[in-house]
Amino acid sequence: MSLTDDEITRASASVAHNYHPLPVVIAQGEGAWVTDVEGRRLLDMLAGYSALNFGHGDKQLLATAHAQLDRLTLTSRAFHHDGLATFCAELAELAGMEMVLPMNTGAEAVETALKTARKWGYRVKGVPEGRAKIVVMDGNFHGRTLTVVSFSDDPEATADYGPFTPGFVRVPYGDIEELRSAVDEDTVAVLFEPIQGEGGVIMPPPGFLRELRALCTDRNVLMIADEIQSGLGRTGRTFACDHEDVVPDVYLLGKALGGGILPVSAVVSRRDVLGVFRPGEHGSTFGGNPLACAVGTAVVRRLKEGDLQERAARLGTVLAELLAELPADAVSAVRSRGLWAGVDVRGRSGRDVCEGLLRRGVLAKDAHGQTLRLAPPLIVEEEDLRWGMGRLAEELTAGQAAG
Ligand SMILES: *Cc1c(COP(=O)(O)O)cnc(C)c1O
């Protein structure tokens, strides 16, 4: 027996309806598995949109968090604390950069990068005051703040939120020629996702990241890679940009940086970029707090070992094989990189497939409309991954028979 949608809705009457969760109430998690309030075990193939890359309840991350909780949790940035410099230095080193500006949520990292780019534009590039322009992509997802949704093309994300922040120009994702014409002398940055996650795990054409790198270098424009979902091992490399051996000017990190324990995000760049900030010009009460730095440092050290990236790459090959074996008439396209996949389903919504998967013991999430997105924790066991994909194949076959 499981709770009905109605029962859950009644119990949640005081929760604002800005989400439409699947009808499952989770009580516990371990590794790639969660247990609901009725004791049913479910395989987590969403992993908190990549915030749970290390799985639920990673022993080492939890031990780090517990120890830090007992020692010091918050100082504010009005004072130094003994974990901030280490976190920033080790994260910068992992990224091959020089400086880190820690924030909390992903959207705050994006906001921080937009402010960085404008300030860099005026103070370093010499763009006339008030003219800075930032180029973004169609189908982007960079978070939910008012400025960030100002350049979204998703009607759900923008309806009734205007007036919006000006200064953004949108071009088709992966179209280098459109980008070339959009960039002018007032352009300070190009903000992009190396793989569009919320867009449905969409990859740009091969070579695009390299061409974008060359364009940004040529025109003295900051290349800002939003790796909040794609980064930190998900695709089989530390960063999705690594697949084309491209180093952007700015990495935006979040989600997995908090180890699935608390929100931790960061803007990671060079000194000539992040050096534009002077005291008082930007900040956050919780940004870079002792607990965040302790967990973030443990995450960075985990990734420095490299085995999780290798694991994601190896299991990514397994995932790609299993995707190719899905019933061909039930899917119109599959895309994957590492342990991250988008499956475009035919004849039914992604939501409908997710509801069916839930009944079969697998948690996943639709992206827009017809797309199912899969992102299991990087620590998932191969046999569990195979089991989950088996349930998906079953569900798609059953859907075909019913339709
Ligand atoms: C999740 C996400 C964000 C926003 O992060 P929040 O922590 O939800 O504010 C920004 N960019 C990308 C690519 C994301 O996936």
Side-chain angles (χ1 to χ4, degrees), residues 49-50 95 106 109-110 113-114 117 133-143 148 151-154 157 168-183 187 189-219 221-255 268 309 312-313 316-317 319-320 323 332-344 367-375:
Y49 305 85
S50 287
V110 176
L114 299 173
K133 180 170 131 183
I134 295 174
V135 182
V136 299
M137 310 278 157
D138 290 349
N140 71 72
F141 181 88
H142 297 288
V148 170
F151 52 83
S152 168
D153 57 2
D154 175 0
F168 300 94
V169 175
R170 216 168 43 227
V171 300
Y173 184 57
D175 189 331
I176 194 68
E177 289 316 319
E178 289 282 341
L179 253 166
R180 227 184 284 286
S181 11
V183 169
T187 306
V190 176
L191 171 67
F192 70 101
E193 297 154 86
I195 296 175
Q196 290 190 326
E198 303 305 301
V201 193
I202 308 290
M203 271 147 269
F208 172 72
L209 298 182
R210 283 184 193 212
E211 290 175 309
L212 177 56
R213 175 65 279 178
L215 175 68
C216 288
T217 303
D218 261 19
R219 309 293 294 273
V221 164
L222 296 179
M223 179 181 184
I224 304 177
D226 181 344
E227 295 250 19
I228 290 167
Q229 197 164 160
S230 61
L232 306 180
R234 171 57 52 194
T235 66
R237 305 288 299 269
T238 303
F239 303 107
C241 285
D242 293 343
H243 290 278
E244 289 199 7
D245 295 319
V246 158
V247 180
D249 298 299
V250 179
Y251 288 110
L252 306 185
L253 301 175
K255 294 203 165 99
V268 185
Q309 293 91 317
T317 310
L319 177 60
L323 286 165
S332 55
V334 295
R335 297 170 293 279
S336 74
R337 178 139 308 160
L339 275 177
W340 204 15
V343 180
D344 298 340
H368 289 120
Q370 302 292 114
T371 304
L372 177 74
R373 140 249 315 264
L374 302 169

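If you read the sequence from its start, that first residue is 1, and numbering goes on from there.
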Legend entry - CA sep, side-chain torsions, deciding dist, call: Phe208, Leu179, side chain to side chain contact (heavy atoms under 4.5 Å, CB included): CA-CA 11 Å; Phe208 172 72; Leu179 253 166; 3.6 Å; yes

Inset, instruction - Go through Glu227 and Leu253 one step at a time and tell me if the side chain to side chain contact (heavy atoms under 4.5 Å, CB included) criterion holds. - result: CA-CA 6 Å; Glu227 295 250 19; Leu253 301 175; 3.9 Å; yes

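- Here the NZ-CG distance, from Lys255 to Leu232, works out to 11.0 Å after rounding to the nearest 0.5 Å.
- The pair Asp249-Arg213 meets the salt-bridge criterion, since a charged nitrogen lies less than 4.0 angstrom from a carboxylate oxygen.
- Using a 4.5 Å cut-off on side-chain heavy atoms (C-beta onward), His243 and Leu209 make no contact.
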Inset, instruction - Quick one: do Leu215 and Val221 satisfy side chain to side chain contact (heavy atoms under 4.5 Å, CB included)? Show the steps, please. - result: CA-CA 8 Å; Leu215 175 68; Val221 164; over 6 Å; no

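- To the nearest 0.5 Å, the span separating CD1 on Ile202 from CZ on Arg335 amounts to 4.0 Å.
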Inset, instruction - With side chain to side chain contact (heavy atoms under 4.5 Å, CB included) as the test, would you mind laying out the steps for Arg219 and Thr187 before giving the verdict? - result: CA-CA 9 Å; Arg219 309 293 294 273; Thr187 306; over 6 Å; no

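- Aromatic ring pairs are classed by plane angle as parallel below 30°, tilted from 30° to 60° and perpendicular above 60°; the pair His142 and Phe151 is tilted.
- Taken to the nearest 0.5 Å, the CD atom of Gln229 stands 8.0 Å off from the CZ atom of Arg234.
- Distance check, rounded to the nearest 0.5 Å: CG of Asp175 to OG of Ser181 gives 8.0 Å.
- The shortest distance between side-chain heavy atoms of Phe239 and Thr235 does not fall below 4.5 Å.
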